[in-house]
Amino acid sequence: MRAGVIQTRTGLDMERNARELAEAAERLAADGADILFTPEMCGLLDRDSARLKAAARHEADDPALAALRQVAKARGVAVAIGSLAIRDEVTAPDGRLANRSFLIGRDGEIRARYDKMHLFDVDLPNGDRYRESSSFIGGERVQLADMGWGRLGLTICYDVRFPQLHNALALAGADIIAQPAAFTVPTGEAHWHVLLRARAIETGAFVVAAAQSGRHEDGRETYGHSLAIDPWGRVLLDMGTESGAALVELDLAQVADARARIPNLRHARPLNPAEVAGAAE
């Protein structure tokens, strides 16, 4: 199976962002990709909470979602949209947004949605301060989709630090886990590769992590290095720090092989932290 990975430096112009995504998607589809992966917040990246909320659209009006659905239908290619800032008064009645992934089928229809469960509220040693919960409401549902050739699990960025989510997807049969991101440079340099390789090894699944990269219009800098990792933890693709698109071959037979060699998923036992010897009362 051929996966296309898009690495972006998303800015504040939603129409331009949508055009650039569609152009990259068209190129990868023409080169024979079966499924495309885009980064987190690939339609609009803005750390200014008020400005982000004012610009965000409903699903029916989001230009990136519309453009990628059109490519999917015209080219017969599936698209895992890393995430978009979506206005949704049902899931977020308090005015916050959803950080939402979309899985688009080859017919251009939305097959699955996933709202980021773990929100990045962090103060970094370099002085950067992030409060994702001021703009977004956390999701509550783990999402897996059957693609015909295999099962795809959806996660977003900070979710990578929560192995219980990835293990739940693997136990439910995920062959590939999408891990789109807009990782900061300090945390990326320290943890990006090792965390993603660990998630692949633990789950015996492919991990495809399309990432944002470079200095963005809102002032932030992201780490890049979009990765594809096989179930044995080998890095198949590392896109470095430049924006662009790349293809990578994924042999899904490796999933069953890795899980047979190290059957940790079958050996896993549910543990209650309250029952740990020596735990605080």
Side-chain angles (χ1 to χ4, degrees), residues 1-6 25 28-29 32-40 68-69 72-73 76-83 100-118 139-157 159-160 162-181 195-210 226-234 236-237 247-268 270:
M1 191 194 85
R2 304 187 85 188
V5 183
I6 300 172
L28 289 168
D34 298 297
I35 184 170
L36 310 178
F37 294 85
T38 78
E40 179 185 27
L68 290 170
R69 289 184 65 184
K73 184 175 182 179
V77 61
V79 184
I81 301 175
S83 79
R100 182 168 294 168
S101 288
F102 294 88
L103 179 58
I104 311 302
R106 293 175 180 270
D107 57 359
E109 296 301 312
I110 298 173
R111 296 279 302 279
R113 296 170 174 84
Y114 167 73
D115 290 353
K116 185 175 183 179
M117 296 182 73
H118 301 97
E140 298 181 353
R141 183 180 179 184
V142 181
Q143 183 65 57
L144 185 72
D146 192 334
M147 301 299 294
W149 40 255
R151 308 194 84 189
L152 176 67
L154 302 180
T155 71
I156 302 173
C157 201
D159 285 336
V160 73
F162 300 87
Q164 64 271 26
L165 171 58
H166 299 75
N167 289 343
L169 289 167
L171 288 167
D175 300 291
I176 303 174
I177 297 175
Q179 183 67 69
L195 282 171
L196 288 165
R197 292 187 66 204
R199 298 296 86 85
I201 293 166
E202 291 165 351
T203 60
F206 284 92
V207 172
V208 180
S226 296
L227 299 178
I229 303 169
D230 77 8
W232 202 245
R234 292 172 291 221
L236 305 178
L237 173 71
L247 281 171
V248 60
E249 294 279 352
L250 307 181
D251 178 4
L252 296 186
Q254 293 180 21
V255 175
D257 178 67
R259 290 174 180 173
R261 292 164 74 181
I262 307 292
N264 58 300
L265 293 173
R266 288 194 285 109
H267 293 161

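None of these values were measured; they are calculated from a predicted model.
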Within this structure, what is the [atom1]-[atom2] distance for the pair [X] and [Y], rounded to the nearest 0.5 Å?
| X | Y | atom1 | atom2 | value |
| --- | --- | --- | --- | --- |
| L28 | D34 | CG | CG | 11.5 Å |
| T38 | E40 | OG1 | CD | 10.0 Å |
| L152 | S101 | CG | OG | 9.5 Å |

What's the shortest heavy-atom distance between M1 and I35, and which atoms? CE-CG2, 3.6 Å
Those residues that, when tested against R197, pass side-chain contact (heavy atoms from CB on, under 4.5 Å) (two or more places apart):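 Counting only residues at least two positions away or on another chain, R197 forms a side-chain contact (heavy atoms from CB on, under 4.5 Å) with I229, V235.
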Counterpart residues, side-chain contact (heavy atoms from CB on, under 4.5 Å), relative to R111 (two or more places apart): L103
Where at least one partner belongs to residues 163-173, residue pairs that pass salt bridge (charged side-chain N to carboxylate O under 4.0 Å, His left out), sequence neighbours excluded: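 Matches after skipping sequence neighbours: none remain.
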For residues 140-151, which side-chain N or O atoms pair as donor and acceptor with protein atoms under 3.5 Å away, sequence neighbours left out?
residue	atom	partner	partner atom	Å
D146	OD1	G148	N	2.9
R151	NH1	A172	O	2.8

side-chain hydrogen bond (donor to acceptor under 3.5 Å, both in side chains) against D175, all qualifying residues, sequence neighbours excluded: none
Are R261 and W232 side-chain neighbours, meaning at least one heavy-atom pair lies under 4.5 Å?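 A side-chain contact exists here, since the closest heavy-atom pair is under 4.5 Å.
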Should R113 and I110 count as side-chain neighbours, where that means a heavy-atom distance under 4.5 Å? yes
Treating R69 as the side-chain partner and G108 as the backbone partner, does any N or O pair qualify as donor plus acceptor under 3.5 Å?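 Indeed, once roles are kept as given, a pair shorter than 3.5 Å links the two residues.
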Do we see a donor-acceptor contact under 3.5 Å between the side chains of T155 and Q179?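 There is such a pair between these side chains.
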Please determine if K73 and E109 form a salt bridge, counting it only when a charged side-chain N lies under 4.0 Å from a carboxylate O. no
Under 3.5 Å, which donor-acceptor pairs do the side chains of residues 198-210 form with other protein atoms, sequence neighbours left out?
residue	atom	partner	partner atom	Å
R199	NE	E202	OE1	2.8
R199	NH1	V160	O	2.7
R199	NH2	E202	OE1	3.2
R199	NH2	E202	OE2	3.0
T203	OG1	R199	O	2.7
T203	OG1	A200	O	3.4
T203	OG1	A205	N	3.3

